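The structure appears right after this line, and notes come after that.
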Amino acid sequence: MTSDLLSQLNDGQRAAVEYCDGAQLVIAGAGSGKTRVLTYKIAYLLQEKGLKPWQILALTFTNKAAREMKERIAVLLNQQDEARSLQMGTFHSIFAHILRVEAQHIGFQSNFTIYDQADSRSLVKSIIKELDLDDKQYKPASVADRISMAKNHLVLPDAFPQSSLFDKKLPKVHEVYSQYVMRCRQANAMDFDDLLVNTFLLFEQHEDVRRKYVERFHYVLVDEYQDTNYAQQRIILQLTRERQRVCVVGDDAQSIYSFRGANIDNILNFRDAYDDARLFKLEQNYRSTQNIVQAANSLIRKNERQIPKDVFSRNDEGERLQLKPAYSDKEEAIIVCNDIKRLRRQEQAQWSDFAILYRTNAQSRSFEEQMRKDNIPYRIYGGMSFYQRKEIKDVIAYFRLVANPNDEEALKRVINYPARGIGDATVNKIVQTATTYGVSLWTVITQPVLFHLDVTRGTAAKLENFRQLVEGWMGRTGTTDAYVLGHAIIQESGVALDIHSSRDPEYLSRQENLEEFLSGMQSFVESRREEDEGDHVALSDFLQEVALLTDLDSDGDEDQPKVSLMTIHAAKGLEFPTVFIVGLEENIFPSLLSTGSMRALEEERRLLYVAITRAERHCIMTCAKNRFRYGRMEEDEPSRFIRDINPEFLQVDQPRQQADDFGQSRLPWQQRGGSRSSEWMQNSRPVATQFRADPKPRAIPPRREEPSVNPFSESFERQLKMASGGRFKPVRQMAPASPSSSPSSGSSSSSPSSSLREGMVIEHQRFGIGTVVKVEGHGENEKATVEFRNAGTKQLLLKFAKFSIVR
DNA sequence: CACGTCACTGTTTTT
DNA sequence: CAGTGACGTG
């Protein structure tokens, strides 16, 4: 069996798999079988070296990579269970798990919340406001990024002023950072970076805990090592410095995550960290044609900092890379779609054999539109992921609050959604009080008198109502499973009512998303229950799964082939027979922000290298001369990187002549026609002429959404299916929650003081005719919910509203 | 307090 | 062209 395993590898790969006696750095060129080495090595460790699956820790960059590797190992070993008990996952998910177990050692509770980037930014933003700093100078996003960077380098607040990240012009960042850390702690929350920092601190400050994990993990493997940051590198060292049984695999030429703190030095200096580290190189590319490999090599050679290597291919020579200049972003999409259709016919390919890769998510739009027109099935990865949508985030925030009431960001998100009369002023007072006393917002809400919370009696009552609402759910977590409780929360919070209050398309899609979310939740509960036999699946179990899921983790669609659209970052590790790299223009690729420094520019170049090396047979690049951006048409120059590719491997197409649209007036960039590539390709100044994007708007019949190509409808269930180990049952369709089905408990019992009652029809000055569906509150605060015929559902404060009763 | 309107502004990549 | 924040109105 084992000899069988090894015989499927080439010499370099086999050497890398067989060496198990010390630290090992495998430099794996693009397409050289990196994943193959990792999977075979793990199989080898299990079979030949007698390691138990739980003794092997394998860290990957994405959940998807981990999942695929597990599947491949299961196939290799013909053993499902062994593969399943491997400790394999992303740094973040593995460490989050360890931190839940060991939370008490570092002063957290094991039910801590994981703040996503939006939560972090929002917290930073409110701290900046509270410190009365100018948010033009202290931009929340960039301050948050700086704090993140500090954490990635294990620079704690105390050391921050002495670090190179400290900017004298922005001295207060230090204070924001300190505040931020304190607030997270009070909220019993960790952001993504804290999962690393706190793991490091846990091991650093608790030798016994570190020992425990060193004992457990006999062998540590790390994928995509070029994209690890300092914190990750140090944790790996903490776990491996005694045994030195560590294998890291990566390619410095594919390091593209420096904005996230990834440090190419980790890979360049690996041999300094371990005494006797051995270097292995994999240089034969099995993925791509010779032309693609050589074009990519010629590009990356322009970078200075790199480990020398000679990647080669013995596949067909293949065709040259192609560059197809387009007149506009619209035409760019047309060119790509036509090529997809053409190649699919010519090579009898599947839709899923094509990928469109771009630098920024925003670029997906023009392709989306064109593919709808052309009826090409597609799927967009990344971008706005399912649970970043407002309606999903709101619901998750309720769940988070129930699982961990100290969660500040969750509390702030839902305390007044749906509106319950607790406005910004009140929330600010709570925050201020909480900060003064160094407690969580929730603590203040539970004991407002103790903390001298200065609010009116009316507001105090509203807060008390809210507290009871949340505590009611908290009391049920132990006995009610996640799905039932989740459903109850959505009803009783009033979210269901709000979401079903209108019929306009936006609300309709929210309803659909929420239903999908719920049914995904139900399948999660069912599949979990199967595994853990009868034990009830708590809300927190569900949350822990959801917190670290990404849209990118959902697998490609097996039932229906589709063209993939994604950023180059998201495409890392993937391969496609045909790859389109679009938007090869200055200020897009390379991005405007990276043209300043050499380092940043080299990273952009590596990014293009990654993009090109995703292609197996065809690599087609496009650039547009005019691009619709910031609401207007702008002119773009072709990317400088085009000149970095050896012309021997590159074919530049003539810009396409659009006869019927432009037949008379020649385009400025085609003035000289001829055989050369166009004028602007030779970097001379284009003639400034006004053009419209689409001078003759083609008559296109208005199109309804194609349900068959809705890129989002499947995402969530798929993710949960993946998360629950791929075993999950089809669920019965949830009946949509009806607004009338659940009176929200308690609050509606008060008798209104005016003459307005449910069921009455009124005519409002602005909104017109409508039916009163609910009346609540007294006197000043009395308000009515009215369903207007033409204006949707509105809340009216009766003190102000101008209306008359019709009947 | 909630909601609508209007002006402004800023642009990368993601666990 | 979004998505956000300031402001006025009911």
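The structure displayed is predicted, hence computed values, not measured ones. The chains referred to below are lettered A, B, ... by the order of the sequence lines, with proteins before strands, and numbering in each begins at 1.
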### Test salt bridge (Lys or Arg N to Asp or Glu O under 4.0 Å) applied to Arg627(A) and Glu637(A), Glu586(A), Glu585(A), the passing residue
Glu585(A)
What pairs of donor and acceptor atoms, side-chain ones from residues 192-202 of chain A against any protein atom, are under 3.5 angstrom apart with sequence neighbours left out?
| unit_1 | atom_1 | unit_2 | atom_2 | d |
| --- | --- | --- | --- | --- |
| Asp193(A) | OD1 | Asn152(A) | ND2 | 3.2 |
| Asp193(A) | OD2 | Ser148(A) | OG | 2.9 |
| Asp194(A) | OD1 | Lys151(A) | NZ | 2.8 |
| Asp194(A) | OD2 | Lys151(A) | NZ | 3.3 |
| Asp194(A) | OD2 | Asp191(A) | N | 3.0 |
| Asn198(A) | ND2 | Asp194(A) | O | 3.4 |
| Thr199(A) | OG1 | Leu195(A) | O | 2.5 |

Under 3.5 Å, which protein N or O atoms sit close to an N or O of nucleotides 5-12 of chain B? Give each pair with its distance.
| unit_1 | atom_1 | unit_2 | atom_2 | d |
| --- | --- | --- | --- | --- |
| dT12(B) | O2 | Arg359(A) | NH1 | 2.6 |
| dT12(B) | O2 | Arg359(A) | NH2 | 2.3 |

### Message
Categorize Arg606(A) for me: base, sugar-phosphate, or nothing, with a 4.0 angstrom heavy-atom threshold over every strand shown.
### Response
nothing
### Task
Measure the distance from CZ on Phe95(A) to P on dT15(B) and round it to the nearest whole Å.
16 Å
#### Entry: Any residue meeting ring-ring contact (aromatic ring centres under 6.0 Å, His included) with Phe580(A), in chain and number order, not counting sequence neighbours
none
### Message
Mind checking if Ala362(A) touches a base, just sugar-phosphate, or nothing, with heavy atoms under 4.0 Å?
### Response
nothing
#### Entry: For atom CE of Met149(A) and atom C1' of dT13(B), their distance in whole Å
12 Å
### Query
How would you label the contact of Gln117(A) with the nucleic acid (heavy atoms, under 4.0 Å): base, sugar-phosphate, or nothing?
base
### Task
Using whole Å, report how far CG of Asp424(A) lies from C1' of dC3(B).
13 Å
### Task
Write down the distance between CD (Glu224(A)) and P (dT14(B)), rounded to a whole number of angstrom.
15 Å
### Query
Roughly how many Å is it from CD1 in Ile256(A) to P in dT15(B), rounded to a whole number?
11 Å
#### Entry: N/O (side chain, Thr426(A)) to phosphate O (OP1/OP2, dC1(B)) under 4.0 Å
yes
### Message
Looking at Asn229(A), I'd like to know whether one of its side-chain N or O atoms comes within less than 4.0 Å of OP1 or OP2 on dT15(B).
### Response
no
#### Entry: Residue list, ring-ring contact (aromatic ring centres under 6.0 Å, His included) with His153(A), at least two apart or on another chain
none
### Task
Could you check how far CZ of Phe192(A) sits from C1' of dT15(B), rounded to whole Å?
6 Å
### Query
Hey, does the Lys NZ or Arg CZ of Arg413(A) hover above the aromatic six-ring of Tyr417(A), less than 6.0 Å from the centre and inside 45° of the axis?
no
### Touch class at under 4.0 angstrom, heavy-atom based, for Asp116(A) against every strand present
nothing
### Summary
From CD1 of Ile588(A) across to P of dT13(B) the rounded distance in Å is 12 Å
### Query
Does Arg420(A) make a side-chain N or O approach to OP1 or OP2 of dA2(B) shorter than 4.0 Å?
no
### Summary
Sequence neighbours excluded, the answer for ring-ring contact (aromatic ring centres under 6.0 Å, His included) partners of Phe61(A) is Tyr257(A)
### Residue pairs fulfilling salt bridge (charged side-chain N to carboxylate O under 4.0 Å, His left out) with at least one residue in residues 594-603 of chain A, sequence neighbours excluded
Glu603(A)-Arg606(A)
### Query
Rounded to whole angstroms, how far apart are OH on Tyr417(A) and P on dA2(B)?
14 Å
### Task
Using the closest heavy atom to pick a nucleotide of DNA chain B for each, name whichever of Phe91(A) or Ile422(A) lands nearer the 5' end.
Ile422(A)
